[in-house]
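Down below is the structure, laid out as structure tokens.
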Number of protein chains: 2
Amino acid sequence: MAKLDFSPIADTTRRAEIVALLRRAILTGQLEPGQKLNELRISEQMRVSRAPLREAMRELVQEGILTSIAYAGTFVIDVTAKDIIDAYSLNKVLDEFAIELAWPQRDARFFDELDRRHEAVKQATRAKNTTRQIETALQLHGLIYEWADNSVLLETWQRLTSRLQMYFALHQRARNEPVPAEDVHETYVALLKDSDMRAAQCHAREHIDLDFEELLAYARGLEKRASKN
Amino acid sequence: MAKLDFSPIADTTRRAEIVALLRRAILTGQLEPGQKLNELRISEQMRVSRAPLREAMRELVQEGILTSIAYAGTFVIDVTAKDIIDAYSLNKVLDEFAIELAWPQRDARFFDELDRRHEAVKQATRAKNTTRQIETALQLHGLIYEWADNSVLLETWQRLTSRLQMYFALHQRARNEPVPAEDVHETYVALLKDSDMRAAQCHAREHIDLDFEELLAYARGLEKRASKN
DNA sequence: TCTTGTTAGATTGTCGACAATCTGCTTGTC
DNA sequence: GACAAGCAGATTGTCGACAATCTAACAAGA
């Protein structure tokens, strides 16, 4: 028997496609925080009935990027400065743990994939495609989680990533400036290739690139605007 | 204005009740791992239509205790030794982080609640109600997460707890022995009341009570049985 | 005997319609 | 004018029926 491993077939249900569409719309900021999702309107736009749409929305509620109130509606989650801080502080802890687990698992395939994803970020940066830049940067970071060989940890990180992607997208949208041209992931990639695990963990803990400081400033801005209302 | 804080009203939709029912059935082991959930049968038993049932199942899939394959069905997740180990190792990391965050927040209300929940565990133990014992023990542990004031962390822990509760329930069912009579949480509670945070974290990291060792032995048993098939 | 095509039954996915609930406006009363 | 009651209109929650898909049993052919 030939040793050829096929990837699983796409589960082509309307529901799955709706989930993907909605998630993308939320994570890129096309659907803004707090915005209400009108079931009838969306189902008509997508040319599907409300049943699969509602099931899709239920999934995204559990995924943490939608929130639902009975008989009132389903809304994109609100983003507060505290949410961003909370997500980031947890992310740091998880990163440290993931590095610890992934460290002995690093192999040739790991380094290849590391370079590949790093390259993807650089390409998106050159193309000034901010959405793609955020996406690829998070995929780069996700590598240590994929190599950590802990399914619960990976799942947890993927949930967290949804939010982080949303936060960054909002941040980018808000300041609508050209994206930083230089590459901020060099150190991270280099440390993961090196032999000093502690150093890699410290880098993750203290200076997760993806300029967190700016994101926080944006978050604080949100707070102020909210307190005025 | 009187300073009286009301608890939120129950969101009485069939969906929410179905979620609660199913979750309970899964977490107590009434629905066994790998078992398929027949929509028509369940909807008839519960006297509801398939729509809210399906939405409920979609939520539980995202919650991680059900898994779904398109056009094939929805199943209770399988439990492997690795799953248990993964969940536990992550739990340790999160516990340490939660203690760190909750530590400065401890106040009179915290200690009261700590004693209250500890008492609930002891009561369930005396009553030899194993299901309730597991439930209360996890609630006791959840206190530090509730006091950590980090919504993402709390959410993450609640997801993890679902699984842990299921694992313990299965474990208890498998060995169907009377439950340990003596109280294993004394040290944990005492350390949380003390002033040495590091000690509390070490206790959490090294010896989370809820006899992990036994659970692991059970998990390994599962592995062996699985490999025979 | 093994493989491949066919078919019937069961189960999941989707649809359109109806019921329950909320919201905002109007109306009437003081 | 202020306030409560009641009435549309819109929106969410639920239902029963139909369509798409899978599974397993069976038949046909090599």
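Every chain is numbered from 1 and lettered A, B, ... according to where its sequence line falls, protein lines coming before strand lines.
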> Can you list the steps and then say if A/Thr131 with A/Gln30 is a side-chain contact (heavy atoms from CB on, under 4.5 Å)?
Replying inline: CA-CA 11 Å; A/Thr131 300; A/Gln30 292 175 300; over 6 Å; no

> Do B/Val61 and A/Glu59 touch side chain to side chain, with heavy atoms closer than 4.5 Å?
Replying inline: no

> Where does DNA chain C form stems of at least three consecutive Watson-Crick or G-U wobble pairs, each pair having both distances below 3.5 Å?
Replying inline: C:1-30 with D:1-30

Identify the pairs formed between an N or O of the protein and an N or O of nucleotides 8-13 of chain C at a distance under 3.5 Å, and give each distance.
residue: C/dT11; atom: OP1; partner: B/Asn38; partner atom: ND2; Å: 3.3
residue: C/dT12; atom: OP1; partner: B/Leu37; partner atom: O; Å: 3.4
residue: C/dT12; atom: OP2; partner: B/Glu39; partner atom: N; Å: 3.4
residue: C/dT12; atom: O3'; partner: B/Tyr71; partner atom: N; Å: 3.4
residue: C/dG13; atom: OP1; partner: B/Tyr71; partner atom: N; Å: 3.4
residue: C/dG13; atom: OP2; partner: B/Arg54; partner atom: NH1; Å: 2.5
residue: C/dG13; atom: OP2; partner: B/Arg54; partner atom: NH2; Å: 3.1
residue: C/dG13; atom: N7; partner: B/Arg50; partner atom: NH2; Å: 2.8
residue: C/dG13; atom: O6; partner: B/Arg50; partner atom: NH1; Å: 3.0

> Please, which pairs that meet salt bridge (charged side-chain N to carboxylate O under 4.0 Å, His left out) have at least one residue in residues 130-140 of chain B, sequence neighbours excluded?
Replying inline: B/Arg24-B/Glu135, B/Arg132-B/Glu135

>> Test your reading of the model: is there a side-chain donor-acceptor pair from B/Asp86 to the backbone of A/Val152, 3.5 Å cut-off?
In response: no

> What parts of residues 16-25 of chain A reach DNA chain C, counting only heavy atoms under 4.0 Å away?
Replying inline: none

> Could you give all pairs that pass the side chain to side chain donor-acceptor pair (under 3.5 Å) test and reach residues 64-75 of chain A, with sequence neighbours left out?
Replying inline: A/Arg58-A/Ser68

>> In terms of relative ring orientation, are B/Trp157 and B/Tyr145 parallel, tilted or perpendicular, with 30° and 60° separating the classes?
In response: parallel

> Under a 4.0 Å N-O cut-off, is there an ion pair linking A/Glu96 with A/Lys92?
Replying inline: no

>> Whether B/Ser49 contacts D/dT14 is assessed here as follows: a side-chain N or O lying under 4.0 Å from the phosphate OP1 or OP2. Is that the case?
In response: no

> Which atom pair, heavy atoms only, marks the closest approach of A/Gln165 to A/Ile134?
Replying inline: CG-CG2, 3.9 Å

>> So, using ring pair (Phe, Tyr, Trp, His ring centres under 6.0 Å) as the criterion, who are the partners of B/Phe110 when residues are at least two apart?
In response: B/Trp147

> Salt-bridged, A/Arg14 to A/Glu17, with N to O below 4.0 Å?
Replying inline: no

